[in-house]
Amino acid sequence: MSDGSQAQRAPRAPLFSTLQGQTEKLAIFGPRRGRRGAQLKVMAAVETKVPEYFTGKMEPEDSGDDDWGTKTLVLKQDELSYALGKKGMTRKKLAKSSGCIVE
């Protein structure tokens, strides 16, 4: 409760609401596989903070050339839970056994 001697401050808006609509550019350097892996990790982090930022319009997709490509799959919740596994272990095993980047 305030007795009027201190100025009332407006509550701070969450960071996301103040930055909504603003984007930043990110440069990723290195070999192609490392760049793509970093890009997917950044996209996953953004998706965690802002749900449906990337996945809102996502469609299954298979693009690429003979030696390099990206395949996008839309998983159901139970498939996603299985693919991630406990502490991400199943995802890591899938990535290692297939030689792919799984994010």
Side-chain angles (χ1 to χ4, degrees):
M1 187 163 190
S2 174
D3 63 359
S5 62
Q6 294 181 351
Q8 293 281 339
R9 290 187 190 181
R12 293 186 76 188
L15 181 62
F16 172 68
S17 67
T18 59
L19 299 176
Q20 194 168 7
Q22 295 181 12
T23 59
E24 296 286 332
K25 290 187 180 190
L26 175 66
I28 302 172
F29 300 96
R32 183 181 353 189
R33 181 178 175 83
R35 288 192 319 263
R36 184 62 172 151
Q39 180 186 17
L40 291 172
K41 285 194 178 291
V42 169
M43 289 171 69
V46 169
E47 190 70 22
T48 300
K49 298 286 186 183
V50 187
E52 297 189 359
Y53 186 86
F54 293 106
T55 60
K57 302 173 196 164
M58 185 173 281
E59 296 287 329
E61 180 184 341
D62 193 358
S63 62
D65 51 34
D66 292 338
D67 69 332
W68 185 260
T70 299
K71 185 166 190 167
T72 303
L73 301 172
V74 179
L75 300 177
K76 297 175 191 158
Q77 187 60 40
D78 60 327
E79 295 170 327
L80 181 62
S81 296
Y82 174 78
L84 292 177
K86 190 173 183 175
K87 297 184 179 179
M89 290 307 296
T90 305
R91 179 186 60 81
K92 292 174 187 173
K93 289 176 185 176
L94 288 169
K96 186 174 184 176
S97 65
S98 65
C100 297
I101 299 170
V102 180
E103 284 296 326

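By convention here, the first residue in the shown sequence is residue 1.
- With hydrogens and angles ignored, the 3.5 Å screen pairs no side-chain donor or acceptor of E61 with any backbone N or O of K71.
- Heavy atoms from other residues, nucleotides or ligands lying under 6.0 Å from OH of Y82 number 12 at most.
- When atom types are taken as modelled, the side chain of R91 and the backbone of V102 share a donor-acceptor pair closer than 3.5 angstrom.
- No continuous path of hydrophobic side-chain contacts links L84 to V74 [ILVMFWY only; heavy atoms under 4.5 Å].
- Separation of atoms CG (D62) and CG (L73) is listed at 8.5 Å; rounding is to 0.5 Å.
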Discussion item. If you apply the rule side chain to side chain donor-acceptor pair (under 3.5 Å), what do you find for T72 with E59, and how did you get there?
Written reply: CA-CA 7 Å; T72 303; E59 296 287 329; over 6 Å; no
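- Under a 3.5 Å cut-off, the side chain of E103 and the backbone N or O of A44 do not form any donor-acceptor pair.
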Item to complete: Please assess K92 against K96 for the test side-chain contact (heavy atoms from CB on, under 4.5 Å), listing each intermediate value before the final yes or no.
Response: CA-CA 6 Å; K92 292 174 187 173; K96 186 174 184 176; over 6 Å; no
Item to complete: Would you check, one step at a time, whether the test side-chain contact (heavy atoms from CB on, under 4.5 Å) holds for R36 with R33?
Response: CA-CA 5 Å; R36 184 62 172 151; R33 181 178 175 83; 6.0 Å; no
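- V42 places a side-chain heavy atom less than 4.5 Å from the side chain of L26.
- A donor-acceptor pair is defined here as one N or O able to donate and one able to accept, closer than 3.5 Å; such a pair exists between the side chain of R35 and the backbone of G30.
- Expressed to the nearest 0.5 Å, how far OH of Y53 lies from CD of E47 amounts to 10.0 Å.
- Criterion: ILVMFWY side-chain heavy atoms under 4.5 Å apart, direct or through other members. Under it, I28 and L40 are part of a common hydrophobic cluster.
- Hydrophobic clustering, with ILVMFWY side chains joined whenever heavy atoms are under 4.5 angstrom apart, keeps L94 apart from I101.
- Taking each heavy atom of A83 and L75 in turn, the nearest pair found is CB-CD1, 4.3 Å.
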